[in-house]
Amino acid sequence: MKAVSSKAESLLLKPPVDAYSESELEHRSPAEPVALSVDMRSSDEDSAPGLDDFSGLSSYERKRLKNIRENANFFASLQLSESAARLREMIKKRQPPELKRKRPKKKENEIGCRRSMRLLKVDPLGVSLPAALTEPTLDEEENPLLPPGPLEMIPENQDDSGELFKASLKTWAEMSKISSERTKKGLSSVKSYKANLSGMAISEATVRKVTRGAISSVALHPSEVRTLVAAGAKSGEIGLWDLTRQCEDEVYVFYPHSQPVSCLYFSPTNPAHLLSLSYDGTLRCGDFSSAVFEEVYRNEGSSPSSFDFLAEDASTLLVGHWDGHLSLVDRRTPGTSYEKLFNSSLGKIRTVHVHPVSRQYFISAGLRDVHIYDVRCLNSRRSQPLISLAEHSKSIASAYFSPVTGNRVVTTCADCKLRVFDSSSISSEIPLLTTIRHNTITGRWLTRFQAVWDPKQEDCFIVGSMAHPRRVEIFHETGKTVYSLLGECLVSVCSLSVMHPTRYVLAGGNSSGRLHVFMRQDSF
DNA sequence: ATCGAATGTCTCC
DNA sequence: TGGAGACCCTTCGA
């Protein structure tokens with residue numbers, strides 16, 4: 001059905017070439033296919049001459065008109081206009097023009113109105129609309145596809161009974177129970193680190209398309225024995241790829257969100273939980289043991305862009321939103337209970353990250369600013385940041401504390417610079433230590449780069465690159481390139497990458513839904 | 001303030 | 001086989 005529709009769409013745009021003779025093709029003006037699609041709708045009552053009226057025309061014209069009419073009949077018999085209309089409806093529903101609606105929403109916020117006039121059932125001109133007209137569109141706008149509450153974890157790409165998937169789920173739930181008690185070293189010598197990195201390789205077997213849309217978030221399961229990668233996509237999909245399972249069906253695709261999945265983490269306390277945040281306003285927890293995407297948080301009014309675990313036990317979460325406000329989510333209270341902390345007038349929040357040691361501190365990166373806040377000092381009206389990290393001249397893609405001590409911050413900025421700050425003393429000043437020139441102009445189609453620390457190497461971070469041949473770069477905090485991961489199988493820009501917390505496994509996602517995994521041969 | 005161009009990769013024909 | 005079009009909604013510069 002889907003294939004037929006898309007075929008129909010392409011036919012609409014481009015009439016079949018074989019309907020014309022070769023000589024006609026040469027004379028045909030580019031505008032004619034358009035005219036044809038108009039003819040098709042009203043072939044009976046339009047003013048085009050019938051076959052009988054062809055007497056005054058050249059044989060070429062006659063043949064041409066005959067072809068047009070035959071084509072029109074052919075198209076009419078296919079009922080293409082109906083199919084196309086249905087198709088357009090489907091596309092509209094699948095990917096609602098949310099983002100076009102965003103701009104007017106900004107203005108609504110300025111006047112203190114969080115909801116559109118349509119949602120308030122008020123006509124823009126001030127005339128109230130009949131309820132019958134506004135009711136059906138309400139649900140559409142609230143959430144085009146997904147109902148609130150838990151969603152079953154059913155792969156979209158599996159045709160069989162799902163036995164294979166059930167087996168995978170069981171494995172993932174089991175392996176999540178085995179705690180990885182390997183002592184956190186945090187810092188090995190750069191030399192031995194480099195040696196370990198050089199053992200990492202990519203192969204055809206470790207590159208796989210896992211989502212339809214561009215990857216907007218990546219997460220690696222912390223298991224020491226199996227390699228499980230999760231990718232969130234702009235289309236709202238989540239792809240799960242188990243590289244340890246050596247069979248054809250090792251990729252599973254889910255639709256827990258209707259808009260881009262902006263942030264994705266396995267729970268640090270229970271890695272059988274995959275938490276996903278989306279612009280659709282929801283934060284969900286995919287649970288391998290119950291095979292459900294629970295709804296942890298919902299706020300349809302804003303686009304949540306990033307979250308982090310506030311408490312070490314993952315019971316409370318900090319959620320940053322595009323419009324600049326922050327929410328505190330307590331997972332122990334059921335339903336959607338949350339507290340809106342404050343509304344920053346300073347603009348959008350792209351990432352939030354909690355300090356790994358002093359968990360009352362968190363860093364937010366926005367369009368213009370990078371701020372460190374104390375969560376205890378936040379109030380519902382206006383909260384002043386403790387410190388601002390200056391120097392950034394363009395929009396900031398991310399800011400992260402170093403993984404073990406939090407003594408460093410790495411930021412990725414659109415001004416083509418990666419910056420490392422010294423955050424060892426938060427109460428006073430955050431001096432800039434290093435500036436690294438790095439092409440961050442990914443353009444319109446590619447997900448922006450975000451430099452992230454290697455969780456097992458306190459002084460090194462990972463970032464995608466535009467350089468040829470395509471690579472993922474690992475920098476030391478001093479700005480030196482420690483290593484570049486490349487290989488024949490990496491032929492596109494890996495915008496987002498994550499490193500495994502204990503093993504030498506790195507997963508990078510690109511903007512066409514492909515995951516690229518670098519790993520040591522003994523690491524499979 | 002507003003608007004158009006540009007960026008890379010994949011898929012389809 | 002290669003080239004057009006889709007993707008997407010940012011950023012810069014006119």
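The chains referred to below are lettered A, B, ... by the order of the sequence lines, with proteins before strands, and numbering in each begins at 1.
Comparing B/dC10, C/dT11, C/dC9 by their nearest atom to the side chain of A/Lys234 picks out C/dC9.
Spacing of C1' atoms, B/dT7 relative to C/dG13, comes out at 15 Å, to the nearest Å. With P as the reference atom, B/dA5 and C/dG5 are 16 Å apart, rounded to whole Å. Between C/dC8 and B/dT2, the distance separating the two P atoms is 26 Å to the nearest Å.
When each of A/Gly213 and A/Asp415 is assigned the nucleotide of DNA chain C bearing its nearest heavy atom, the one mapping closer to the 5' terminus is A/Gly213.
Shown here are the ring-ring contact (aromatic ring centres under 6.0 Å, His included) partners of A/Phe475, two or more places apart in sequence or in another chain: A/His438, A/Phe461. Applying the side-chain hydrogen bond (donor to acceptor under 3.5 Å, both in side chains) test to A/His355 and every residue at least two apart in sequence or in another chain returns nothing. Considering only residues two or more places apart in sequence or on other chains, A/Phe307 meets the ring-ring contact (aromatic ring centres under 6.0 Å, His included) condition with A/Tyr265, A/Phe309.
By the 4.5 Å heavy-atom criterion applied to side chains, A/Met519 and A/Met200 are not counted as neighbours. Contact of the A/Val517 side chain with the A/Val229 side chain is registered, since non-hydrogen atoms from C-beta on lie closer than 4.5 Å.
The NZ-C1' distance, from A/Lys209 to B/dC12, rounds to 13 Å in whole Å. Atom pair A/Ile396:CD1 and C/dT11:P shows a separation of 10 Å (rounding to whole Å applied). Computed from coordinates, the A/Tyr279 OH to C/dC8 C1' distance equals 12 Å when rounded to whole Å. Regarding A/Leu515, its CG atom lies at a distance of 13 Å from the P atom of B/dC10, rounded to whole Å. For A/Glu237 and C/dC7, the CD to C1' distance is 14 Å, given to the nearest whole Å. For A/His516 and B/dT9, the NE2 to C1' distance is 10 Å, given to the nearest whole Å.
Contact between the side-chain N/O atoms of A/Ser395 and the OP1/OP2 oxygens of C/dT11 is found at a separation under 4.0 Å. An OP1 or OP2 oxygen of B/dT9 is reached within less than 4.0 angstrom by no side-chain nitrogen or oxygen of A/Ser512.
Listed by first and then second residue, the side chain to side chain donor-acceptor pair (under 3.5 Å) pairs involving residues 487-499 of chain A are A/Ser492-A/Asn510 (not counting sequence neighbours). Screening residues 463-477 of chain A for salt bridge (charged side-chain N to carboxylate O under 4.0 Å, His left out) gives A/Arg408-A/Glu477 as the qualifying pairs, with residues at least two apart or on separate chains.
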Short N/O separations, protein against nucleotides 6-8 of chain B, under 3.5 angstrom:
unit_1 : atom_1 : unit_2   : atom_2 : d
B/dA6  : N6     : A/Arg444 : NE     : 3.4
B/dA6  : N6     : A/Arg444 : NH1    : 3.2
B/dT7  : O2     : A/Arg444 : N      : 2.4
B/dG8  : O3'    : A/Arg470 : NH2    : 3.3
B/dG8  : O6     : A/Trp445 : NE1    : 2.9
B/dG8  : N1     : A/Trp445 : NE1    : 3.4

